[in-house]
Protein chains: 2
Amino acid sequence: MKRATAQHVAIEAGVSKWTVIRAFTPGSSITEVSKAKVLAAAEKLNYRPNLLARSLATNLTHQVAVLVDDFGNPHKLPFLETLTAALQAKGLVAILVNINDHYNHIHAILNAEQRQVDAIILLGTAFRDETLNDRKLGGGSAPMFVLARDSQIEGVPAVSCDTDVAIAEIGKHLLERGYHRPGFMCGPRTLSTALGRRRNFKEFWRRERDTDLLEIAADRYSVDAGAEAARRYLEKTPATDRVDVLMCENDALAFGALDVIRSEFKLRVPEDIAVVGFDNAAFAASPSYGLTTYEQPVSEMVDAVIAMLLGQREKITVNIRGRLVVRAST
Amino acid sequence: MKRATAQHVAIEAGVSKWTVIRAFTPGSSITEVSKAKVLAAAEKLNYRPNLLARSLATNLTHQVAVLVDDFGNPHKLPFLETLTAALQAKGLVAILVNINDHYNHIHAILNAEQRQVDAIILLGTAFRDETLNDRKLGGGSAPMFVLARDSQIEGVPAVSCDTDVAIAEIGKHLLERGYHRPGFMCGPRTLSTALGRRRNFKEFWRRERDTDLLEIAADRYSVDAGAEAARRYLEKTPATDRVDVLMCENDALAFGALDVIRSEFKLRVPEDIAVVGFDNAAFAASPSYGLTTYEQPVSEMVDAVIAMLLGQREKITVNIRGRLVVRAST
DNA sequence: ATCTCGTTTGCTACCGGTAGCAAAAACTAT
DNA sequence: ATAGTTTTTGCTACCGGTAGCAAACGAGAT
């Protein structure tokens, strides 16, 4: 059975199709009588306005593309949950785009724009800033936002956790606990993502203790990559030379590191090596991990991007303060 | 700068807009010369066809709504990853819909249909079958599919892991290990979702050992709910009366149960209580959990739904065989 | 040079809505 | 009852493509 259109309902109700449309357009001028007639006819024919046609005419799809390249990070799931819920509350809907080897950022952005999305959100994706300056993207029409990651890109505001404050809090906590040989596990070195947290942490130790920061790079931002990097480090470094606290750029890396430290090398956490993460992913609270970490203010961050893309807030980069969560790993 | 349309390119290239369209329609009749002219003009104006307009005319959006109500289950993430990647490989895109207290299935389905999606996939959502028989959904136009869950719904094929085989394999393994006081932790009792695995497991013990199955119901399918349910059970049951193996309907529940069993009640796994999950979520492999579980054939399942929705495969319920993964928890 | 035949191009009508103007209807005031 | 005002309804044009027919074109045969 073919779907009913406004025209069909119009005939059924004995009015013009524009009157039908008005019955479905809040705040438009229509008598109660006509509206009731139309609604009855619509109900009977199971009519619902075609949002595609509406979008074509209004130039608004109420669709937002959400680009994710980092499904290995379990914290993406609560982020997606919060984001989709908040979008839906505003009548928007998320197109989830998986950035991977077969489908890169350029591809994704161009396709999203062809679909006329109202905005594009880069959800913590590990692209290089240069990527977005690609000529092919010239005249891109959909406003872009970077969520949960820094961005130096001209005209692309970022909403993320305030790294300065976060690192200061974490550092203070670690000093109080008496750690003095710090290490930092970051993601792929080539990415500017890493910069903020790593640079801050490095400067913190230089300033406070005139200490150098040992840096360990993981291949990706995932549990496996974190395990792999930790393994490489522990294998090649004799016990006496090791760091006494390892800060990981995110919880995913920290989980992997913890697994290897405890299970493969039989080291005690935090006595032999303390570990700190970043995100406060669900499993960080599990007694199996008990990870000290820094909670990203997910809801506030999501609300901020959405306010921006709705034009209810100035489109500029903001950093929102998170919260240190101390657990057994330090 | 307003986005260029076929008309603009036509003027630039000195042809009609239909010739422009043909240059972008593979297999249509156009000379190399015209095509080159059009492509050059298009390049210059940064033209890309408007997929919205195309969808309106062709009645195909290449969009699939994916409904998820279960973000508390970490295994949803790899599922989403696989699903989005597979859809994108076929030129489709996923609209991720978050089903929650403010946005129920009916809502989601109606909205998806208004957006003219090509299909709706219910990704392991815990709806009641009756929901989908709601009159409001009468004449629904988008084909629906249930993924990673059973479905008894008329006309809605399900693609899931073969429960019969899975439970038989798990049961056999548990018998070999000598367990004889089985328990089963399921999700909300009111949902038929639970039925398959629970019923099978129950029948298995009845048949093989003439043993009754102890059943524990969790409120939701999440780590927290699993922890909560395990806590309630262990608190009220003296050590001597407890089950010696607890099968959980999915890994999320099992993680919660493991945390409580080990950390709160200081019991040994598997010596005091063995635990089995279902899904083979990423953390099941972590040495912190070491969970024996049953791996769902995610890729095969995803491929099967996609083949169905593309019409390349008969639209009937299929069960695909998974794989038992034995780890330290049994 | 003329006639085919097949290819290429342009055209009308349409997908299902929206915007905003103009005509019609209903209401108010005199 | 009539004129003036406001509300409601219908209309044309349009959003940017697609479908499929008809005209124009070009090459080969006569």
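Quick note on labels: first sequence line is chain A, next is B, and so on, each numbered from 1.
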- Task: Map Ser29(B) and Lys17(B) onto DNA chain C by nearest heavy atom, then report which one ends up closer to the 5' terminus.
- Result: Ser29(B)
- What is the distance, rounded to the nearest whole Å, between atom CD of Glu32(A) and atom C1' of dA26(C)? 16 Å
- Side-chain-base donor-acceptor pair under 3.5 Å for Trp18(A) and dT8(D): no
- Message: Counting the atoms with a prime plus P, OP1 and OP2 as sugar-phosphate, which does Phe24(A) contact under 4.0 Å by heavy atoms, base, sugar-phosphate, or nothing?
- Response: nothing
- Item | Ser16(B) vs dG10(C): side-chain N/O to OP1/OP2 distance below 4.0 Å | yes
- Query: So what does Leu56(B) touch, heavy atoms closer than 4.0 Å: a base, only the sugar-phosphate, or nothing?
  - Reply: base
- Between Val15(B) and Thr25(A), whichever has its closest DNA chain C nucleotide further toward 5' is Val15(B)
- Message: From NZ of Lys35(B) over to C1' of dT8(C), roughly how many Å is that when rounded to an integer?
- Response: 14 Å
- Contact check, side chains of Tyr221(A) and Pro188(A), non-hydrogen atoms, under 4.5 Å: yes
- Using a cut-off of less than 4.0 Å, is there contact between a side-chain N or O of Thr19(A) and OP1 or OP2 of dG10(D)? yes
- Task: Under 4.0 Å between any heavy atoms, over every strand shown, what does Thr5(A) touch: base, sugar-phosphate, or nothing? Just pick one.
- Result: sugar-phosphate
- Item | Gln7(B) CD - dG17(D) P separation (whole Å) | 10 Å
- Qualifying residue for side-chain contact (heavy atoms from CB on, under 4.5 Å) with Val68(B), from Ile121(B), Leu96(B), Leu122(B), Val97(B): Leu96(B)
- Min side-chain heavy-atom separation Glu113(B)-Ile120(B) under 4.5 Å: yes
- Query: Just how far, in rounded Å, is P of dT8(D) from CD1 of Ile21(A)?
  - Reply: 18 Å
- What's the CZ-P distance between Arg115(A) and dG17(D), to the nearest Å? 15 Å
- N/O (side chain, Thr31(A)) to phosphate O (OP1/OP2, dT9(D)) under 4.0 Å: yes
- Give one of base, sugar-phosphate or nothing for Ser55(B), where a contact means two heavy atoms less than 4.0 Å apart. nothing
- Is Gln116(B) reaching over with its side chain to a backbone N or O of Asn59(B), donor-acceptor style, under 3.5 angstrom? no
- Spell out yes or no: do the side chain of Arg22(B) and the base of dG10(C) have one donor N/O and one acceptor N/O closer than 3.5 Å? yes
- Task: In whole angstrom, give the distance that lies between atom NE2 of His8(B) and atom C1' of dG16(D).
- Result: 10 Å
- Query: Taking it one step at a time, do Thr82(A) and Met301(A) satisfy side-chain contact (heavy atoms from CB on, under 4.5 Å)?
  - Reply: CA-CA 10 Å; Thr82(A) 309; Met301(A) 288 164 63; over 6 Å; no
- Give the rounded distance in Å between these two atoms: CG of Asn59(A) and P of dG17(D). 12 Å
- Query: Between the side chains of Arg115(A) and Asn111(A), does any donor sit under 3.5 Å from an acceptor?
  - Reply: yes
- Shortest side-chain distance from Ser34(A), nucleotide among dA19(C), dT9(D), dG17(C): dT9(D)
- Message: Using whole Å, what does the distance between atom P of nucleotide dG16(C) and atom CG of Asn50(A) come to?
- Response: 7 Å
- Message: Side chain of Tyr47(B) only, heavy atoms from C-beta on: which candidate in dT9(D), dG17(D), dG17(C) is closest?
- Response: dG17(D)
